[in-house]
*Asks:* 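Quick one: this structure, given as structure tokens, is what I'll be asking you about.
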There are 2 protein chains.
Amino acid sequence: MTNNTTETKMLLAVDCIIFGFDGENLKILLIKRGFEPEKDKWSLMGGFIKANESLDEAANKILLQLTGLNGVYLEQLYAFGDPARDPDERIVSVAYFALIDIHKYETQLSDRYHAEWFLVNEMPGLVFDHGQMVEIAKQKIRYKAALHPLLFELLPRKFTIPQLQSLYEGVYNTKIDNRNFIRKLTSTGLLIKLEEKDKSNSKKGAFYFKLDKKKYKAKFQAFLNFIPNPENLIS
Amino acid sequence: MTNNTTETKMLLAVDCIIFGFDGENLKILLIKRGFEPEKDKWSLMGGFIKANESLDEAANKILLQLTGLNGVYLEQLYAFGDPARDPDERIVSVAYFALIDIHKYETQLSDRYHAEWFLVNEMPGLVFDHGQMVEIAKQKIRYKAALHPLLFELLPRKFTIPQLQSLYEGVYNTKIDNRNFIRKLTSTGLLIKLEEKDKSNSKKGAFYFKLDKKKYKAKFQAFLNFIPNPENLIS
DNA sequence: CCAAAAGTGTTGGAGTTACACCCATGC
DNA sequence: GCATGGGTGTAACTCCAACACTTTTGG
């Protein structure tokens, strides 16, 4: 770093890409922008970073404001800094994505921000580079969820395997063989079968499961490839 | 986003974690900080973002200044924004990591910035949160290189398989079976065998290889897991 | 001729895919 | 009793890991 006295200060923002799962489809929460520029267009929820706030704090605050939720999955995605990304002013934005249980979302907050859930595949155009942010978030989720049980963050406390399969099929836009899917899932040991059945989708009913949270945390990072035994690495 | 007229502007910096491979060990390029605070301590190379500069441009510029190199592998790593990360002033820093062929590094630039290569395992303490940045960069490289041929970015135009193996062994701090390693490498189809041998490490000599760049670009993203045929996905 | 590194094949086990039928129940 | 979605088992195959000896040649 060189001497900084002549350097330009600029605004720093955080934008949140919020995903939810309604039991059938992956959705994204957008707000109708209430001010210029681009007033009344759809947008991600965001905000400026205060002088004494960390990036994570800012992102959590925004998420709390819009959803009423605390302590949900939130991950820094990427910093967007094209000088032309906001036509008015130089603003660098650090994007975060969140995965929430859509049922915990506090619906009454929708009004305040004119928020709405959209199917990710039927999303309106967004302001500035927010569309690009969403694309990168989707890519990241597809990548990470192929290796780690990330999508479980979207599930309610109890869920059925057909629901989970529908989630994976939606995220990857593909059909999955249900026998193999179940085998893979149960072999992870992450699921605990409950007595209760969900009969809303079939007459037979599908058993609910819940997540074994200890195993989930322990196994989240497990994966495989170029290196023979990645879990046995020395350091 | 809410009205921004009252929001705080702040300095935005880019810091580069620069890795190189000397044929035996993974190294990192550090500079001796020439100004206060923390003058004369070891540091990453960084700089402030100008008003009309994108983040990528700023990172590339810094890399060029310090190494004389353009067009090398450079990836945004993470944005660090703890309000206390710089004791003097609020500075948010976007960290990038670079993988370079250490032989292309222009040594005469070392003097200007008091730069030096260190073994990543024998690195001095760094200013501010730069040590943490390096840790996260190492983690990221270990993760990504286990799935993708990332470490090839560190190699010179021609290299031997024992060199490459030593690189992997260094990055993962593990021993790799050379038969399996060679098989895995050759099965990727990324390597082209040359006539020439490198006799600097043995009497028998090891054949040089070069990278098949087209296949490298085409196959960089290939990998596998939760989803049966990730390469056959519909979208 | 010998030390030191490079190069080479095989086998067993684990994991993954492909595939089709029966079950439970509400109507 | 039948339509609907839920649940189950097996066999072939592919991939990966484990394993040790021969080759080359400069000194």
Side-chain angles (χ1 to χ4, degrees), chain A residues 23-25 146-149 158-170 172 174-209 219 222-234, chain B residues 23-25 146-147 149 158-170 172 174-189 191-209 219 222-234:
Chain A
E24 288 185 48
N25 293 291
L147 299 165
H148 307 289
K158 57 186 187 184
F159 53 88
T160 67
I161 290 190
Q163 270 171 16
L164 193 46
Q165 181 167 346
S166 139
L167 173 56
Y168 274 87
E169 289 180 343
Y172 291 95
T174 187
K175 287 287 162 204
I176 301 177
D177 180 281
N178 68 341
R179 285 165 292 190
N180 294 336
F181 185 71
I182 292 170
R183 198 188 347 265
K184 213 170 271 191
L185 275 178
T186 50
S187 77
T188 63
L190 297 176
L191 299 188
I192 299 170
K193 193 176 194 169
L194 304 178
E195 295 300 313
E196 193 184 353
K197 276 188 166 185
D198 167 27
K199 297 211 172 185
S200 62
N201 290 306
S202 76
K203 319 194 163 156
K204 184 176 180 181
F207 278 107
Y208 279 117
F209 289 79
K219 288 204 170 185
F223 80 129
L224 66 115
N225 215 288
F226 249 113
I227 299 303
N229 299 304
E231 300 175 25
N232 303 331
L233 299 180
I234 300 167
Chain B
E24 287 186 48
N25 293 292
L147 299 165
K158 57 186 188 185
F159 53 87
T160 67
I161 290 189
Q163 269 172 17
L164 192 47
Q165 181 168 347
S166 138
L167 173 56
Y168 273 87
E169 290 179 344
Y172 291 95
T174 187
K175 287 289 162 201
I176 301 177
D177 179 281
N178 67 343
R179 287 163 293 188
N180 293 336
F181 185 72
I182 291 169
R183 186 172 322 108
K184 213 169 272 192
L185 276 178
T186 51
S187 77
T188 63
L191 299 188
I192 300 169
K193 193 176 194 167
L194 304 179
E195 295 300 313
E196 194 185 354
K197 278 187 164 186
D198 167 25
K199 298 212 169 185
S200 63
N201 290 306
S202 75
K203 312 183 170 168
K204 185 176 181 180
F207 280 105
Y208 278 116
F209 289 78
K219 289 202 169 186
F223 79 130
L224 65 114
N225 215 285
F226 248 113
I227 299 303
N229 300 304
E231 298 174 27
N232 304 333
L233 299 181
I234 301 166

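Treat the numbers as computed from the prediction; the structure is a model and nothing was measured. A, B, ... follow the sequence lines: proteins, then strands. Residue 1 opens every chain.
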*Asks:* Looking only at N and O atoms, is any donor in the side chain of A:Arg183 or the base of C:dG15 less than 3.5 Å from an acceptor on the other one?
*Replies:* no

*Asks:* From CD of A:Gln163 over to C1' of D:dG6, roughly how many Å is that when rounded to an integer?
*Replies:* 13 Å

*Asks:* Without decimals, in angstroms, what is the distance between A:Leu185 CG and C:dG15 P?
*Replies:*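 The distance from CG of A:Leu185 to P of C:dG15 comes to 16 Å, rounded to the nearest Å.
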
*Asks:* If you pin B:Asn178 and A:Ser187 to their nearest nucleotides in DNA chain C, which one's is more 5'?
*Replies:*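 On the 5' side of the pair lies B:Asn178.
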
*Asks:* Just verifying a value: how many Å separate B:Asp177 CG and B:Arg183 CZ, rounded to the nearest 0.5 Å?
*Replies:*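 So the gap between those two atoms works out to 8.0 Å.
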
*Asks:* Can you tell me how far P of D:dT8 sits from CG of A:Asp177, to the nearest Å?
*Replies:*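 The answer, rounded to whole Å, is 14 Å.
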
*Asks:* Report the distance from atom OH of A:Tyr208 to atom P of D:dG7, rounded to the nearest whole Å.
*Replies:*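 Rounded to whole Å, this separation is 12 Å.
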
*Asks:* Please check if the side chain of B:Lys219 supplies one atom and the backbone of B:Thr188 the other of a donor-acceptor pair under 3.5 Å.
*Replies:*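 Yes; judged by distance alone, with no hydrogens or angles, the pair exists.
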
*Asks:* Using whole Å, what does the distance between atom P of nucleotide D:dG6 and atom NZ of A:Lys203 come to?
*Replies:*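 After rounding, the gap between these two atoms is 12 Å.
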
*Asks:* Please give, in whole Å, the distance from D:dT25 P to B:Asn201 CG?
*Replies:*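 Value for this atom pair: 16 Å.
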
*Asks:* Can you tell me which nucleotide in C:dA6, D:dG7, D:dG6 comes closest to the side chain of B:Ala206?
*Replies:* C:dA6

*Asks:* Mind checking if B:Ile182 touches a base, just sugar-phosphate, or nothing, with heavy atoms under 4.0 Å?
*Replies:* base

*Asks:* Classify the side chain of A:Arg179 versus the base of C:dA20 as yes if they form a donor-acceptor pair under 3.5 Å and no if they do not.
*Replies:* yes

*Asks:* If you take all heavy atoms of A:Phe207 and A:Phe209, which pair is closest and at what distance?
*Replies:*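 Heavy atoms of A:Phe207 and A:Phe209 come nearest at O-CD1, 3.5 Å.
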
*Asks:* In whole Å, what is the span from the CD atom of A:Gln165 to the P atom of D:dG7?
*Replies:*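 From A:Gln165 CD to D:dG7 P: 10 Å.
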
*Asks:* Take B:Asn201 and B:Thr160 through the test side chain to side chain contact (heavy atoms under 4.5 Å, CB included) and record every step on the way to the result.
*Replies:* CA-CA 10 Å; B:Asn201 290 306; B:Thr160 67; 5.9 Å; no

*Asks:* DNA chain D: A:Lys204 or A:Lys193, which has the more 5' nearest nucleotide?
*Replies:* A:Lys204

*Asks:* Which part of the nucleic acid, if any, lies within reach of A:Asn180 when heavy atoms closer than 4.0 Å are counted: base, sugar-phosphate only, or nothing?
*Replies:*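 It contacts base atoms.
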
*Asks:* Give the rounded distance in Å between these two atoms: CZ of A:Phe209 and P of D:dG6.
*Replies:*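 Value for this atom pair: 12 Å.
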
*Asks:* Ignoring backbone atoms, test whether B:Lys199 places a side-chain nitrogen or oxygen under 4.0 Å from the OP1 or OP2 oxygen of D:dG26.
*Replies:*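 Looking at the OP1 and OP2 atoms of D:dG26, one of them is under 4.0 Å from a side-chain N or O of B:Lys199.
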
*Asks:* For D:dT24, does either OP1 or OP2 sit under 4.0 Å from a side-chain N or O belonging to B:Lys197?
*Replies:*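 So the side chain of B:Lys197 is outside the cut-off, no N or O lying under 4.0 Å from OP1 or OP2 of D:dT24.
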
*Asks:* So B:Asn180 and B:Ile176, do their side chains get closer than 4.5 Å, heavy atoms only?
*Replies:*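 No, their side chains stay 4.5 Å or more apart.
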
